[in-house]
Amino acid sequence: MSCPHSTKVTRVAGNPKVFKEECMYCYKTWDEPNWIEVCAVCLQGFCPEHFPIHQLSHPGHSCTVRVSRKTTSVQSSIPDDDADLQSCAKEVKIEAKVDVYDYTFSSYCHSCRQPVDLADDVSLFVKNSIEASKVTSSTWADRPSLECPHIHSIDRQSIDGLKLPDTCSKCDKSDNLWFCLSCGEVGCGRKQYDGSGGNGHAADHFKANPSHTCSVKLGTINSAEPDIFCYVCDDLVYVEGFKEKYLKQILSQVNGNDIKSEKGIREMQWEQNQSFQFSMVTEDGAKLEPAVGYRGISNLGNSCYMASVMQCALRLFHVPAHDPSSCSKEPKDCAHCQLNKLENGLFSMNDEIVELRPWMFKQVITTGHREFASFQQQDAVEFLEFFMKKFALYENVSFDLQQTIKCAECGYETTTQSKPDYLQVPLVEDSNTVDLNDMISSYFKDEFLEGSKCEKCNGQECLKKHFGLVRGPQKCLIVVITRAALKNWVPSKVNTPVTIPSGVNLEGFKEEVKKFIPNEDALNQLMMMGFDRDLCSEALKQTDNDLEAACNALLTGAVKVQSSSVVIDEASLVELLSMGFDEELARRALELTQNNKENACDILLSSPEKLFEVNAGPTDSRCAIEARSEQYELRGVISHKGPSLHCGHYIAHVKDADKWILFNDEKAVLDPSPDFTNAYIAFYEYKK
């Protein structure tokens with residue numbers, strides 16, 4: 001009896017991606033004894049436990065191709081049945097070995113609960129996608145690069161009979177050589193910060209020939225994904241079918257020379273960053289013990305910055321709950337589904353999950369972000385800011401700060417209120433260890449402003465700046481130690497060791513909000529001229545209640561009221577109202593989440609009290625010091641080793657149940673005496 005559901009399987013058109021290696025909702029993989037159910041309609045993969053969630057939200061998606069993988073042997077990366085490429089490789093003496101696997105697949109209907117015969121094109125497409133990815137078991141071959149629009153329009157010249165040189169065409173460098181895809185010119189790579197790399201002759205060739213945009217690293221042309229660099233994109237790029245479209249032609253046209261295999265750029269960067277490793281032994285030389293019940297996050301290629309931030313953030317922040325079964329988006333496109341997957345993976349000790357490789361999470365949240373989408377090392381603070389903005393997590397960490405600028409001669413002062421997400425304290429070069437409490441105290445001290453001038457009395461060099469705390473963060477105080485400095489106008493890292501205290505008390509830095517009170521007579525006169533009350537009040541504030549000056553400012557349009565409210569997206573508002581939410585609450589939720597409809601819905605459903613916790617700004621209702629404690633306990637530290645914050649290695653320490661856990665990529669160990677001298681970011685939890 002034929003299955004009635006197989007008729008709903010659509011014919012495969014184009015070249016869509018098959019998500020076959022890992023479940024969309026958890027980190028179970030296709031490695032035996034597990035398997036992945038690849039939906040025959042949308043080609044998304046799910047473990048047996050989570051496919052029913054997909055089927056529930058997609059009633060017509062009943063049929064799957066079941067795929068599993070088992071390691072078998074090692075073989076050449078060049079297919080045996082590709083005679084042309086084999087011949088070219090033999091002539092140029094290329095040889096590479098990679099791990100290979102055996103794959104098993106079958107088709108199944110989950111509605112009929114029986115095996116089913118699917119359309120040939122669906123089954124073949126899944127099988128072909130597996131064949132195409134057999135060599136992607138390499139650590140680096142499955143790292144996607146940027147898609148490049150320039151390689152298809154490069155100025156291609158004839159390279160028939162070209163003899164590949166043993167060295168750069170401009171110098172004697174014999175490694176890190178780049179082959180121009182336009183003319184065959186071979187040049188060395190750019191010089192790195194430590195003096196390695198090359199003399200930049202490949203880049204010089206592009207500058208002299210702007211239409212020669214792309215080059216391939218000779219030492220990687222035998223790998224699954226050769227290093228192709230576009231000088232216009234200024235990054236490694238992805239070219240689908242590179243071997244078939246370009247490699248055969250290149251190797252068939254050049255005369256035979258030895259081409260030694262070399263590591264790709266991303267692998268070299270990863271190994272370089274790994275050289276800045278942290279000690280994994282105790283002071284007495286004993287190895288740190290594994291932390292049972294805790295998971296690390298595998299390095300995806302220079303992604304230790306992301307792993308360290310996520311280990312701290314998911315343990316210390318309140319992340320709104322997300323139910324994948326009620327999500328309207330496909331999991332492959334939903335940042336909230338992938339964050340939920342990562343969070344569950346960290347805290348679920350399912351023995352079937354071997355490792356956490358959050359490539360889907362990274363791919364989804366970094367779409368459109370050039371730096372974080374790449375596989376180069378990035379700054380942990382920049383990623384932390386990006387993550388908090390992406391998921392609207394500011395209510396966890398933001399606090400009210402007041403800046404006062406006062407003239408030491410006439411006493412005239414101005415105040416501004418801000419709501420930063422972290423406390424940023426500068427670190428200076430010092431041979432001695434610096435205590436973080438001293439750095440925080442220095443931040444709140446008076447500071448004279450060089451080159452300043454008082455706008456009231458015209459006094460010179462008389463203005464001093466002062467910060468005061470109005471209200472600390474609700475949940476977590478983030479302290480960023482600024483380790484960046486300019487030396488001879490060149491950015492460098494300050495490696496001064498620091499001491500991180502177990503607690504921070506900000507009580508001594510609190511101060512009253514200096515709320516401006518406009519002169520009522522002046523305010524009324526300005527309003528009689530037809531100006532808005534808020535605009536008149538702001539004009540008087542900026543002119544210290546000077547009626548004439550305020551009037552001139554209003555007439556010249558020099559006064560603008562800074563509104564903290566967000567322009568509400570009406571379409572999102574209508575959708576929330578259709579779900580039965582109160583309009584005022586819905587507006588507040590959208591304002592609080594910067595019009596993020598999913599986050600607004602999460603808050604309305606699970607945490608409506610948050611709509612009132614972060615109410616108006618600090619000057620609206622608090623004129624006196626708020627009676628609450630400002631004590632915080634150390635719960636997490638991100639440390640960094642390396643010559644700059646964009647090169648090196650990040651690790652994270654998190655305190656849980658009075659014990660410190662060290663997370664070093666995929667490793668999670670107990671650290672009885674954590675070393676925080678290389679601390680970059682400290683996380684302090686509020687003590688109520």
Side-chain angles (χ1 to χ4, degrees), residues 381 385 388-389 394-395 397-428 436-474 476-482 484 504-518 534 537-546 549-550 553 558-565 614-626 628 630 632 682 684:
V381 172
E385 289 182 287
M388 291 192 297
K389 181 178 180 180
Y394 301 114
E395 71 271 15
V397 299
S398 62
F399 55 96
D400 298 329
L401 196 66
Q402 180 170 256
Q403 175 183 278
T404 301
I405 297 179
K406 186 175 183 178
C407 177
E409 295 183 3
C410 69
Y412 175 71
E413 66 178 36
T414 58
T415 61
T416 55
Q417 283 80 37
S418 60
K419 215 170 179 62
D421 302 318
Y422 53 82
L423 190 63
Q424 190 165 11
V425 294
L427 180 64
V428 297
L436 182 60
N437 270 326
D438 295 335
M439 298 167 65
I440 294 175
S441 296
S442 297
Y443 177 85
F444 286 100
K445 285 182 178 178
D446 290 352
E447 174 189 358
F448 274 95
L449 301 177
E450 294 183 9
S452 61
K453 176 182 177 181
C454 178
E455 61 184 60
K456 196 72 173 177
C457 68
N458 293 322
Q460 303 290 328
E461 304 285 342
C462 58
L463 298 183
K464 60 181 180 179
K465 180 180 69 174
H466 166 79
F467 284 111
L469 180 71
V470 177
R471 190 174 193 269
Q474 296 279 356
C476 182
L477 170 68
I478 300 176
V479 183
V480 173
I481 300 170
T482 306
V504 167
N505 189 347
L506 302 182
E507 291 280 354
F509 309 120
K510 294 185 73 172
E511 64 179 34
E512 294 183 357
V513 174
K514 298 171 182 178
K515 185 175 181 180
F516 173 76
I517 302 177
D534 290 341
S537 180
E538 180 66 22
L540 290 170
K541 177 181 178 181
Q542 294 180 11
T543 59
D544 196 23
N545 277 323
D546 186 320
V559 180
K560 296 186 183 299
V561 177
Q562 299 296 324
S563 174
S564 62
S565 61
V614 187
N615 207 344
T619 61
D620 291 335
S621 59
R622 293 188 295 273
C623 295
I625 297 178
E626 184 174 340
R628 73 160 227 165
E630 294 296 347
Y632 301 83
Y684 286 88

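Position 1 is the first residue of the sequence, and the numbers go up from there.
Atom OG of S452 is separated from atom CD of E461 by 5.5 Å, given to the nearest 0.5 angstrom. For the atom pair CD (E409) and CD (Q460), the distance works out to 9.0 Å, reported to the nearest 0.5 Å. Here the CD atom belonging to E450 is positioned 12.5 Å from the CG atom belonging to L463, to the nearest 0.5 angstrom. Atom-to-atom distance recorded for D446:CG and I405:CD1 is 11.5 Å, nearest 0.5 angstrom. Note that CE of M388 and CD of E395 are 10.5 Å apart. Values are rounded to the nearest 0.5 Å. L477 CG to I440 CD1: the interatomic distance, rounded to the nearest 0.5 Å, is 6.5 Å.
Here the closest heavy-atom approach between residue P518 and residue N545 is recorded as CA-OD1, 3.5 Å. For the pair A682 and L436, the tightest heavy-atom approach, listed with the atom from each and the gap, is CB-CD2, 4.4 Å. Across N458 and K453, no two heavy atoms sit closer than the pair OD1-CE, 3.4 Å. Of all non-hydrogen atoms in F399 and R471, the two that sit nearest each other are CB-O, 3.2 Å.
Ion pairing of K419 with D400 is present here, as a side-chain N (NZ or NE/NH1/NH2) and a carboxylate O approach within less than 4.0 Å.
Environment of NZ in K456: crowded, with over 12 heavy atoms of neighbouring residues, nucleotides or ligands closer than 6.0 Å.
Remark: side-chain polar atoms of E630 are not paired, donor with acceptor, to backbone N or O of N505 under 3.5 angstrom.
Q402 and T415 are not linked by any side-chain donor-acceptor pair at a separation below 3.5 angstrom, with hydrogens and angles left out of the test.
Under the rule for a salt bridge (Lys or Arg N to Asp or Glu O under 4.0 Å), D546 has no partner lying at least two apart in sequence or in another chain. In this structure F448 satisfies the ring-ring contact (aromatic ring centres under 6.0 Å, His included) test with no other residue, sequence neighbours excluded. With sequence neighbours excluded, no residue forms a salt bridge (Lys or Arg N to Asp or Glu O under 4.0 Å) with K406.
Between T416 and T414, every side-chain heavy-atom pair lies at or beyond the 4.5 Å cut-off. In this structure, the side chains of Y443 and V479 stay at 4.5 Å or more apart for every pair of heavy atoms. The closest side-chain heavy-atom distance from L401 to F509 is not below 4.5 Å. Residues E511 and T404 meet the side-chain proximity criterion, which asks for heavy atoms closer than 4.5 Å. For the pair L427/M439, a side-chain contact is recorded, criterion being any heavy-atom separation below 4.5 Å from C-beta on. Within the 4.5 Å cutoff, the side chain of Y684 has no heavy atoms near those of the P473 side chain.
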